[in-house]
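Worksheet: one structure, shown below.
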Amino acid sequence: QVQLRESGGGLVQAGGSLRLSCAVSGSISSRYVMGWFRQAPGKEREFAAAIGWIGGGTYYVDSVKGRFTISRDNAKNTVYLQMNSLKPEDTAVYYCAAAFGGTVRSMTWQSPDTWGQGTQVTVSS
């Protein structure tokens with residue numbers, strides 16, 4: 001079983017940057033795909049970015065392309081989401097997620113197996 005714990009959220013002004021971290025523990029394997037989702041107030045949770053635990057490339061929702069970068073450090077068992085040029089509409093609770101099998105693209109529609117507890121990101125205008 002995989003456990004996830006996010007950190008790094010906070011309050012930032014529009015145009016600023018934040019880096020979220022997701023510490024991964026448990027029995028993770030090369031068949032896992034890792035992702036970041038977000039849920040804004042009054043809205044449904046949405047996919048933001050995905051990366052394969054071993055290879056598999058990356059994939060982003062259009063609204064964050066060119067501003068967010070997902071990466072991983074397998075030695076540290078950590079997945080990151082570097083967020084630059086933040087906008088007020090990026091305000092949300094950000095969740096780390098893990099899905100067994102699938103691809104970075106299928107992360108957009110398949111329900112992950114494991115979720116973190118979430119971390120709040122607030123972007124002020």
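Between Ala14 and Pro88, the shortest heavy-atom distance links the atoms CB-CD, 4.1 Å. Of all heavy-atom pairs between Ser17 and Ser85, the closest is OG-N, 4.4 Å. Considering every non-hydrogen atom in both Thr78 and Ser21, the closest pair reads CG2-CB, 4.2 Å. Residues Trp36 and Cys22 approach most closely at CZ2-CB, 3.6 Å, considering heavy atoms. Residues Ala99 and Met107 come closest through the heavy atom pair CB-SD, 3.7 Å. Summarising the geometry of Ala98 relative to Met34, their closest heavy-atom pair is CB-SD, 3.7 Å, with the distance given to 0.1 Å.
Without hydrogens or angle criteria, Thr91 side chain to Val123 main chain gives a donor-acceptor distance under 3.5 Å. Side chain of Arg72 to backbone of Trp53: a donor-acceptor contact under 3.5 angstrom is found. Judged purely by atom type and a 3.5 angstrom limit, Glu6 uses its side chain to pair as donor or acceptor with the backbone of Gly118.
Ring geometry for Phe37 versus Phe47: interplanar angle over 60°, hence perpendicular rather than tilted (30 to 60°).
Using a 4.5 Å cut-off on side-chain heavy atoms (C-beta onward), Val24 and Val2 make contact. By the 4.5 Å heavy-atom criterion applied to side chains, Arg67 and Met83 are not counted as neighbours.
To the nearest 0.5 Å, atoms CD1 (Ile28) and OG1 (Thr114) are separated by 8.5 Å. The structure places CZ of Arg45 at 9.0 Å from OG of Ser111, a figure rounded to the nearest 0.5 Å. The CD atom of Gln82 sits 12.0 Å away from atom CD1 of Ile70, with the distance rounded to the nearest 0.5 Å. One finds the CG atom of Leu20 at 8.0 Å from the CZ atom of Phe68 (value rounded to the nearest 0.5 Å). Going from atom OG of Ser27 over to atom CD of Gln3 covers 8.0 Å, rounded to the nearest 0.5 Å.
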Steps toward salt bridge (Lys or Arg N to Asp or Glu O under 4.0 Å) verdict (Asp90, Lys87): CA-CA 5 Å; Asp90 294 317; Lys87 305 175 182 179; over 6 Å; no

Intermediate values then yes/no, side chain to side chain contact (heavy atoms under 4.5 Å, CB included), Cys96 and Trp115: CA-CA 6 Å; Cys96 182; Trp115 295 91; over 6 Å; no

Test log, rule side chain to side chain contact (heavy atoms under 4.5 Å, CB included), inputs Val64 and Arg38: CA-CA 11 Å; Val64 309; Arg38 62 186 185 178; 3.9 Å; yes

Chi angles and distances behind the side chain to side chain contact (heavy atoms under 4.5 Å, CB included) call for Tyr59, Thr103: CA-CA 9 Å; Tyr59 191 72; Thr103 67; over 6 Å; no

Intermediate values then yes/no, side chain to side chain contact (heavy atoms under 4.5 Å, CB included), Thr69 and Tyr60: CA-CA 9 Å; Thr69 302; Tyr60 300 90; 3.9 Å; yes

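Both Ile54 and Leu4 are part of a single hydrophobic cluster, where members link through side-chain heavy atoms under 4.5 Å apart. Placement of Tyr94 and Leu11 in two distinct hydrophobic clusters is found when ILVMFWY residues are connected by side-chain heavy-atom separations under 4.5 Å, directly or transitively. Val61 and Val121 fall within the same hydrophobic cluster, defined by Ile, Leu, Val, Met, Phe, Trp and Tyr side-chain heavy atoms under 4.5 Å apart, directly or through other members.
Other residues, nucleotides and ligands contribute only 12 or fewer heavy atoms inside 6.0 Å of the NZ atom of Lys76. Sparse packing is recorded around CD of Gln1, with 12 or fewer heavy atoms of other residues, nucleotides or ligands lying under 6.0 Å away.
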